[in-house]
Amino acid sequence: MTAAVDLVNLTRTYPTASAPALKGVDLTVEPGQAVAVLGPSGSGKTTLLRLAAGLDAPDDGDIRLNGASVLHLPPQRRGIAMVSQRPLLFPHMSVLDNVAFGPRMAGAGRMQARNTATRYLELVELPGFGRRRTTELSGGQQQRIALARALAATPQVLLLDEPFSALDSELKSQMHQLLLELRAVLQPTIIMVTHDHHEAMLLADSVAIIIGGMLQQHGPAQSLFTHPQSLAVSRFLGGRNEISGEMRGRAFHCKLGVLRLADGTACAQGRAVMVIRQEAVRLVELTATDADTRGIITHAVAHGARTLVEVCAEGVPLQCEVPPGTPIHVGDHVGVALPVSQRQVLLDDPCPAPSRVGTPAVEHVH
Amino acid sequence: MRSRRPRRRLSNAGLGLVALAVAIIVASATLAPVAFAAPTPQASAWANIERTARGQTVSLWMWGGDPQGNAYVDNVLTAAAAKLGVTLARVPIADTKDALNRVLAEHQAGRTDGSVDLIWVNGDNFRTGVQAGIWKCGWADALPNIAYTAPGDPLLASDFGTPVRGCESPWHKAQFTFAYNAARVANPPTTMPALMTWVREHPGRFTYPAPPDFTGSVFMREALYATSGGYANVPASFTQSAYDRLTPALWTTLKRLRPALWRAGQTYPKDSTQLDQLFASGQVDFTMTYGPATLTALVAKGTFPRTTKVLTLKEGTVGNASFLAIPTTSAHFAAAQVVANLALSPEQQAIKADPRAWGQFTVLDVKHLPPAQAQAFANLPKSNVVPTYPVLARHANPELSASWIPKLDDGWRRQVLTGGE
Amino acid sequence: MNRRTTRAAVTATATQWLLSAWFLLPMIPVMLWAVARTWPAPLPLPSDWGFSGFLDALHDSATSAFGASLILGTLTAVLATPAGAMAAYALAYGHLRGHRSLSVLLIAPAFVPPFVIVMGLNVTLLRLHVPSLAGISLVLMVTAIPYTTFVMRSAFAGYDVTVEDEARMLGASTRAVLTRVRLPLLAPALATSAFLAFLVGWSDYIVTLLIGGGQFVTVPIRIAAAASGTGNEPVIAALSITAAAPPLLLLVTVGLLSRQRRRRRASANPVTHTPAYLTASGALR
Amino acid sequence: MKRFVLLILPAAVPTALVLGAAVTMGVAQSMGLTPVAGGPQSSLDAYSAVASSGELAPAVVISLSIALVATAIAIAVGFTTALAMTTTRFGSKVLKGLAISTIPIPHVIGAAAIGLLLADSGWLARLFGSTAGNWPQFVAGPWWAATIIEYAWKESAFIALVVAATLSRDADELAKTAAVLGAGPAARMRYVTMPLATPALILAGTLSFVYALGSFEVPWLLGRAYPEPLPVLAYRLFTSTDLEVRPQAFAVSMVTMAIALVIGVSALRLFRRQVVTA
């Protein structure tokens with residue numbers, strides 16, 4: 001009940017649109033793995049799921065389950081289930097019959113399907129809700145039923161299209177917990193679309209980032225944050241520090257001076273941009289030995305539990321996050337440490353940034 | 001925005017017709033007083049009526065399925081009435097029964113300010129009105145222009161057997177007429193029995209509307225005369241014994257005719273309109289009408305084939321007259337009388353008899369009209385489809401009493417339509 | 001695309017064309033007859049073209065019939081729309097006693113054939129000296145009320161009253177709430193129900209015939225009279241087109257206007273709206 | 001509360017008055033209480049007369065059959081159209097436009113149009129060159145084909161729009177959800193689309209049925225002389241030159257209303273149950 005998914009060179013252009021929704025996307029998911037597809041609105045994430053589910057056909061490319069193409073199969077024969085942002089429960093059926101729908105379609109008798117459905121209702125912790133009407137449920141309950149319904153269809157692959165985005169944060173974390181537990185039991189291959197980094201990191205084994213219809217990067221969540229392969233990825237993931245300069249030998253030359261890179265880092269030569277996560281940058285004493293540069297604090301803003309501080313060092317604005325309670329005063333002179341292991345130099349900018357290099361990237365919030 | 005111009009279709013004849021109409025109307029305004037120059041008491045009573053009528057509006061309810069009739073009333077009669085200070089408003093209806101029904105409802109409600117002032121009516125509709133007591137009576141005999149009709153004209157004295165008694169004023173005469181397509185019928189039959197034989201020899205080329213359709217009902221009466229050995233053998237008033245004696249032969253004949261009818265008599269046209277459509281589309285070779293006046297126009301506008309000819313029967317066909325009646329619920333009695341009198345005037349009768357206008361046969365006694373007015377009738381153009389009234393009405397048969405009609409219709413339905421072989 | 005989906009696509013296309021033909025076909029001979037001067041059988045097309053049908057109709061008082069139809073349609077809309085809207089409002093928010101019987105009463109005229117109403121009412125109206133126009137308007141209004149009430153009830157069902165509270169908190173008077181918030185938001189539904197009520201009056205035959213007493217010779221009455229005679233096809237066709245055109249134009253205009261509105265709104269709020277004339281579930285006929 | 005009562009009066013009072021007066025007067029006249037001529041007398045003679053004349057039973061059968069067949073066709077065509085309207089571009093543009101254009105055409109004109117199309121000398125007969133009386137008898141024929149087609153034509157557009165309005169919200173997405181859950185085209189139709197459309201189909205179908213049962217002008221223009229559907233029979237008796245049969249007209253009218261109301265009430269119940277379970 002789990003399968004490897006290969007999306008090969010998927011391309012899709014909608015008739016009414018000028019730009020393609022997807023351009024040559026390749027994505028491989030191992031059986032039982034969960035991949036989160038991250039990207040800004042309109043980047044083609046949902047198109048990817050619709051193509052995988054068979055609700056839409058690609059202009060080019062292939063979709064393979066366990067190595068075999070399923071392109072010619074209609075949705076109902078692909079062994080794929082999907083949960084959308086809206087629960088889309090069948091309004092004319094009871095909760096139980098909604099969950100029993102998949103087993104019924106798979107050929108189970110009415111009673112057998114309902115028995116199966118009862119088990120899945122217990123699994124999503126809504127036992128005894130079977131006889132209710134769908135409209136009597138809260139939003140979170142509806143979404144849980146939708147999940148149970150998808151799982152009851154015993155899919156090889158489960159597609160989740162921002163299923164929790166409409167829920168409040170508490171419900172959302174309950175659902176996250178539930179999904180983690182269900183993964184442990186049922187182990188379906190999961191492709192989930194989200195624009196919530198934290199959700200992606202929490203639930204998925206790996207993260208794929210799609211921007212402008214193209215797959216930018218796919219890998220373990222942590223590595224994406226520390227080592228983005230493009231400025232676009234860095235910015236999308238909220239990276240705020242971009243330092244222009246030049247690679248010469250194994251060192252990065254910029255206004256801050258010469259910054260060394262970790263051993264084993266690729267070191268092509270020429271103009272480049274160094275990115276470093278604001279979480280990785282540390283403020284240190286002016287005299288500290290690990291200070292890579294020095295500057296004046298120009299801004300300090302509470303950012304959730306942490307404080308976001310901007311330091312102007314040699315004319316370069318640097319941002320860092322400091323733990324709560326750290327005494328910060330605008331105008332103070334401080335030292336700044338840029339840990340070597342966290343430095344990432346991007347030579348070739350595949351996605352030329354607008355003329356705002358150096359200012360914080362706009363975060364996509366929807 | 002009612003147009004005073006004649007209809008488009010008449011474009012060739014239209015201008016001439018308007019000139020004719022205007023001339024006659026002008027003439028009537030000057031000539032009419034001549035006939036009644038002496039101030040008799042009757043004339044002064046009429047002058048009172050005309051005075052009262054001024055400024056009143058008369059609603060004339062009439063069947064609206066004949067564009068020529070509508071145009072005649074709208075363009076000619078209305079204009080002439082306006083000259084007398086009376087506004088004439090035509091109400092088109094799909095069936096005269098609708099008008100009768102309206103009057104009955106108003107009568108039932110005890111209204112005297114009803115919406116119907118004048119109805120074009122005859123036959124069983126008139127008889128029903130008499131039964132219900134909804135007609136104003138006695139006035140028609142007092143109309144000045146009634147003097148131009150032949151005294152004792154049987155068609156005007158009784159309407160399908162119901163004595164008229166001045167409850168309606170004559171409007172025009174009609175003759176039941178068969179029409180055939182000469183291109184398909186080389187040697188047309190000239191008697192009813194010969195027609196029946198022709199029908200049997202040419203299966204599928206003839207049919208008649210199902211009674212109680214008005215036309216279908218007349219056809220059945222023609223057949224009854226034929227199977228009874230002539231109209232003289234059928235008593236005008238209904239008696240059960242006559243019915244029992246005469247109708248078996250009729251039912252037998254019609255039943256025997258059935259397999260040779262259009263669609264093998266499995267079905268009949270619902271009304272004369274449907275029969276006309278069958279004739280127009282060449283599916284049958286005969287049609288029939290109680291209003292032969294319309295044939296000229298139907299041929300002219302290409303609805304009926306150019307080769308349409310009227311069939312005159314040696315033994316004659318039934319004829320009738322139709323009338324204008326005034327209901328007791330009318331609040332415009334005077335004006336309604338004025339319009340009825342106007343419609344009866346030689347000028348209006350002459351225009352109406354013009355096939356380019358409407359072609360309806362006059363109720364007047366042309367032979368005894370003053371020479372100038374008789375000339376107007378003599379000058380009428382001949383229709384190339386419909387013969388003149390004297391030709392059509394030669395050997396005219398009288399209509400049966402209206403009391404026969406429902407019995408025959410009902411008998412046909414039970415014996416011929418749903419009855420066995 | 002494999003063979004199966006191709007065959008399905010062919011079937012779907014064929015079905016669509018068949019359905020188009022089904023809706024379109026009956027109007028084709030009408031359009032042909034309207035521009036035929038002479039069209040003798042059995043020719044498949046007129047032998048002589050022209051607008052004699054329209055001219056004849058015009059000479060046969062088509063204009064006054066048009067006016068009479070317009071008056072009846074407008075009166076029905078003017079009477080039945082506010083009555084339906086107010087009743088729907090009361091049913092939606094009033095918690096009235098006998099709510100259910102009232103609902104049934106207001107929907108009942110849709111289930112009573114018009115000729116039954118008219119035959120029963122005719123003499124009564126005459127006896128009470130109710131003027132014809134008032135009598136027709138009354139019966140047509142009652143015939144239209146199920147539809148206007150239904151449309152407005154579904155509109156109120158989807159209407160969020162809290163926006164009125166919002167407006168009030170922003171300083172709107174009761175009057176301003178009505179004119180600036182409630183009416184604009186309900187405008188599409190009101191337009192739909194007015195249109196349906198207009199159609200009831202515009203297309204009526206038997207109520208006008210029996211209660212009108214000949215004073216309202218509407219287009220349908222003229223068509224029925226013409227249809228009872230022979231050879232009147234051009235006039236019937238011309239009248240038919242005359243009768244079908246104004247509501248169609250109205251519909252197209254309303255559709256275009258609401259599409260424009262939707263577009264303007266769509267830029268602010270990307271939720272797709274069902275067109276107003278489609279939410280008119282009750283009564284489009 | 002009082003304000004709400006006032007608000008409902010403009011609709012409720014005329015409706016109650018008109019329906020009440022129509023029914024009261026209908027019953028009274030059917031029982032001979034207010035005759036055109038002669039004194040009033042109370043009896044059920046009119047009912048027994050019209051029943052024993054052998055015209056009422058066929059009229060009921062024919063009216064119900066016409067309404068049933070016409071509504072069945074209208075539902076089938078209307079439902080298919082609604083599906084095309086909600087799932088295809090062609091449907092949402094062309095078909096929707098055509099269906100909407102059909103709505104404002106009065107039934108009288110619809111009947112005239114169907115007549116011009118299907119009569120023996122109609123356009124189709126001319127196109128197919130049929131003159132020898134072998135054209136199927138749609139108009140005035142034994143199967144009431146033209147009458148049925150006219151109702152089916154007008155009402156299918158009505159049903160299509162009502163059902164499409166219901167389906168346009170979620171039906172397509174729900175059907176796709178069902179597909180992903182393993183439902184093939186037939187199963188999607190049977191378990192998702194049909195049940196979603198059912199309440200709208202019941203409502204629109206009932207309105208169409210009652211309309212076809214009680215409308216006069218279409219069978220009058222396109223039907224045959226005998227036997228007659230209920231409205232035509234009632235109207236013929238009502239306008240008959242025989243005044244004695246007027247009470248029978250009202251008897252037929254009351255029978256028609258009773259049938260229509262029974263059907264209406266049962267359909268509303270069915271509709272409510274559907275909506276509740278949905």
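Below, all heavy atoms of this structure are taken into account, side chains as well, without hydrogens, waters or symmetry copies. Proteins come first, then strands; the chains are lettered A, B, ... in the order of their sequence lines, and each starts at number 1.
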Nearest atoms (heavy-atom pairs only) where [X] meets [Y]:
X       : Y       : value
T76(C)  : G201(C) : OG1-CA, 3.6 Å
T148(C) : G84(C)  : OG1-CA, 3.5 Å
S115(B) : E106(B) : OG-OE2, 2.6 Å
F198(C) : A77(C)  : N-CB, 3.9 Å
R222(C) : A65(C)  : NE-CB, 3.5 Å

Checking [X] against chain C: side chain, backbone, both or neither under 4.5 Å from a heavy atom?
X       : answer
A105(B) : both
D95(B)  : neither
D271(B) : neither

*Using a cut-off of under 4.5 Å on heavy-atom pairs, state which of R111(B), Q277(B), Q274(B) scores highest against chain C.*
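Maximum pair count with chain C is reached by R111(B).
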Measure distances from [X] to the heavy atoms of chain B and classify the residue's part below 4.5 Å as side chain, backbone, both or neither.
X       : answer
Y205(C) : side chain
A227(C) : backbone
I211(C) : backbone

*Nearest 0.5 Å please: distance from the OH atom of Y268(B) over to the CG atom of L278(B).*
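Answer for the OH-CG pair, Y268(B) versus L278(B), is 13.5 Å.
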_Quick check for you: to the nearest 0.5 Å, what is the distance between D56(C) atom CG and L239(C) atom CG?_
10.0 Å
_Heavy atom to heavy atom, less than 4.5 Å: which residues from residues 105-125 of chain C reach chain B?_
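Answer by number: N122(C), V123(C), L125(C).
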*For S20(C), which residues count as a side-chain hydrogen bond (donor to acceptor under 3.5 Å, both in side chains) partner, sequence neighbours excluded?*
none
*More than 12 heavy atoms of other residues, nucleotides or ligands under 6.0 Å from CH2 of W49(C): is that the case?*
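Yes, the 6.0 Å shell around CH2 holds more than 12 heavy atoms from other groups.
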